[in-house]
2 protein chains.
Amino acid sequence: MKKDSQFMTLTNSEENYLKAIYHLSDGGKKGVSTNDIASSMKTKPASVSDMLRKLGEKEVINYRKYYGVQITEEGRNYALQVIRKHRLWEVFLVDKLKFNWDEVHEVAEQLEHVRSPLLTQRLDEFLNFPKFDPHGDPIPDEFGDVKARPRIALNDMEVNAAGQIVAVKDSSAAFLRYLDKVGAYIGARVKLLDKVEFDGSVEILVDQKTLFMSKDVASNILIVVT
Amino acid sequence: MKKDSQFMTLTNSEENYLKAIYHLSDGGKKGVSTNDIASSMKTKPASVSDMLRKLGEKEVINYRKYYGVQITEEGRNYALQVIRKHRLWEVFLVDKLKFNWDEVHEVAEQLEHVRSPLLTQRLDEFLNFPKFDPHGDPIPDEFGDVKARPRIALNDMEVNAAGQIVAVKDSSAAFLRYLDKVGAYIGARVKLLDKVEFDGSVEILVDQKTLFMSKDVASNILIVVT
DNA sequence: ATTGTATTTTAGGGTTGGCTAAAAAATAAT
DNA sequence: ATTATTTTTTAGCCAACCCTAAAATACAAT
């Protein structure tokens with residue numbers, strides 16, 4: 001049952017699953033597991049299996065029973081349009097309605113499902129074609145293209161600048177263990193409190209704690225300043 | 001099963017039914033029929049019966065089988081809040097996103113169901129607490145109170161002013177037949193094209209046609225200028 | 001008052017999306 | 001390699017909301 005992606009419509013629930021699958025695969029083309037989807041959506045694996053069958057029939061994912069799923073080209077485009085709407089609404093809520101950046105998620109989860117291409121286009125225009133949302137995440141354009149986020153090494157941040165950890169250069173087990181121990185996981189928000197001239201080490205605030213980090217370590221952590 | 005109206009939540013579908021019932025009863029306290037609800041919602045009477053039972057259990061309507069339904073105090077308040085959201089979004093779409101006034105309904109039908117008291121409040125603020133929507137309908141405030149629309153007789157309109165027929169003073173059958181014949185039903189949009197000094201008669205545009213109307217007739221038609 | 005018509009409700013069924021419990025398949029452990 | 005464990009799927013059930021067909025009730029007409 002092939003439907004052209006231009007005219008296909010998914011239910012809100014299907015859109016939410018697709019979004020979750022998109023986020024869990026995150027660039028990497030490896031499959032996503034049923035359990036991961038279930039826990040990220042706060043639902044049960046049995047419900048996920050059911051939904052994967054449906055999404056597979058609609059060809060927005062490739063589904064092989066007992067193995068993970070991969071999102072298809074159509075699926076990715078569809079997901080990106082939902083994400084586009086979500087992030088545009090977040091910008092609206094923060095910039096125009098004076099919401100705090102941590103109050104917007106739940107409301108945007110509802111607004112992202114409103115179906116009106118004209119609305120999305122006009123909202124984009126009204127907000128002056130923003131490229132990033134209030135969390136620093138990029139807003140896909142109408143074709144699904146995203147602007148690469150300008151990423152810098154943690155030790156290249158300005159003092160008092162804040163941002164989000166988006167990647168690490170060194171991915172040795174020891175390094176990742178260290179990051180995990182101090183709470184510096186991918187996605188964590190960090191603030192650079194001070195730079196030590198002498199050895200280039202930095203004092204940062206991460207996961208509600210302040211700590212010192214050597215220049216060596218800091219230079220391997222990539223940040224998006226927001 | 002009594003639920004306090006402050007904390008009760010209805011599904012989107014239940015909200016739509018309640019809104020339809022509210023609009024069909026329109027001030028008058030007489031009951032609304034199952035068939036009327038069905039045709040106004042483009043659904044079948046059997047589906048309506050089912051829903052009425054549910055809405056009755058939730059005490060937003062008084063339901064007696066085989067007789068009409070009446071909306072309760074709680075129901076009316078709930079409906080007014082949905083209508084409030086609908087009309088605020090219409091103002092947003094027209095004033096901020098440059099939609100035409102006849103393009104907004106479908107989108108507002110979706111936006112009216114977004115659940116976030118903070119969003120509604122901030123939107124109201126952002127729009128500068130509008131009292132009427134782009135169609136001239138009043139926007140209930142957070143307590144459900146609506147500002148009475150300033151209504152004037154058709155022949156008291158300014159030349160080139162446009163508005164909507166909201167009521168008639170004379171409701172004799174002959175008069176109503178005449179109105180029906182010329183397409184001047186309640187809710188119709190009219191534009192006053194010219195006034196004849198000599199006899200006080202008016203030239204108007206209604207239902208895509210221009211016609212002359214005596215002062216006597218025009219003075220019995222009440223308009224809200226928009 | 002009885003009959004006929006229109007309205008409304010009930011009965012039964014379909015779809016979507018969730019659940020639990022049990023079966024099946026894949027993966028890990030010995 | 002076989003067994004144990006984890007993961008995933010199937011089977012069966014429930015609730016919301018819609019439908020059609022048939023039964024029940026109300027209303028109108030004689």
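All chains are named by letter (A, B, ...) in the order of the sequence lines, taking the proteins before the strands, and each is independently numbered beginning at 1.
- Rounding to whole angstrom units, CZ of residue A:Arg64 and C1' of C:dA24 are separated by 15 Å.
- The phosphate of C:dG17 (OP1 or OP2) has a side-chain N or O of A:Thr11 nearer than 4.0 angstrom.
- Both A:Met51 and A:Tyr67 lie close to DNA chain C; mapped to their nearest nucleotides by heavy-atom distance, the more 5′-ward contact belongs to A:Met51.
- Remark: B:Arg149 is not positioned above the aromatic ring of B:Phe132, lacking an NZ or CZ atom under 6.0 angstrom from the ring centre and at most 45 degrees off the axis.
- OP1 and OP2 of C:dT7 both lie 4.0 Å or more from every side-chain N or O belonging to B:Tyr66.
- Side-chain contact, B:His113 with B:Asn16: a donor N or O sits under 3.5 Å from an acceptor N or O.
- Neither side chain, B:Tyr63 nor B:Glu57, offers a donor N or O lying under 3.5 Å from an acceptor on the other.
- Under 4.0 angstrom from either OP1 or OP2 of D:dC18 there lies at least one side-chain N or O belonging to B:Tyr17.
- Rounded to whole Å, the distance from NZ on A:Lys58 to C1' on C:dG17 is 12 Å.
- In this structure, B:Arg53 places its CZ atom 11 Å from P of C:dA11, rounding to the nearest Å.
- Ranking D:dC17, C:dG17, D:dT9 by closeness to the A:Lys65 side chain, first place goes to D:dT9.
- For B:Ser13, a side-chain nitrogen or oxygen approaches OP1 or OP2 of D:dC18 to under 4.0 Å.
- A cation-pi geometry, defined here as NZ or CZ lying under 6.0 Å from the six-membered ring centre and within 45° of its normal, does not hold between A:Lys96 and B:Phe92.
- Rounded to a whole Å, the NZ atom of B:Lys54 is 16 Å from the C1' atom of C:dT10.
- A perpendicular orientation is assigned to the rings of A:Trp89 and B:Trp89, their planes being inclined by more than 60° (bins at 30° and 60°).
- Between the C1' atom of C:dG18 and the CG atom of A:Asn16 lies a distance of 14 Å, rounded to the nearest Å.
- You'll find the side chain of A:Phe99 reaches within 4.5 Å of the side chain of B:Leu119, heavy atoms only.
- What separates CG of B:Leu55 from P of D:dC17 is a distance of 9 Å, to the nearest Å.
- For DNA chain C, the residues of residues 34-50 of chain B within the heavy-atom distance limit of 4.0 Å (strictly under) are B:Thr34, B:Asn35, B:Pro45, B:Ala46, B:Ser49, sorted by number.
- The separation between A:Asn12 atom CG and D:dA16 atom C1' is 15 Å, rounded to whole Å.
- Spacing between atom CD of B:Glu15 and atom C1' of D:dC17 amounts to 15 Å, rounded to whole angstrom units.
- Taken from NE2 in A:His23 to CD1 in A:Ile21, the straight-line distance is 12.0 Å, to the nearest 0.5 Å.
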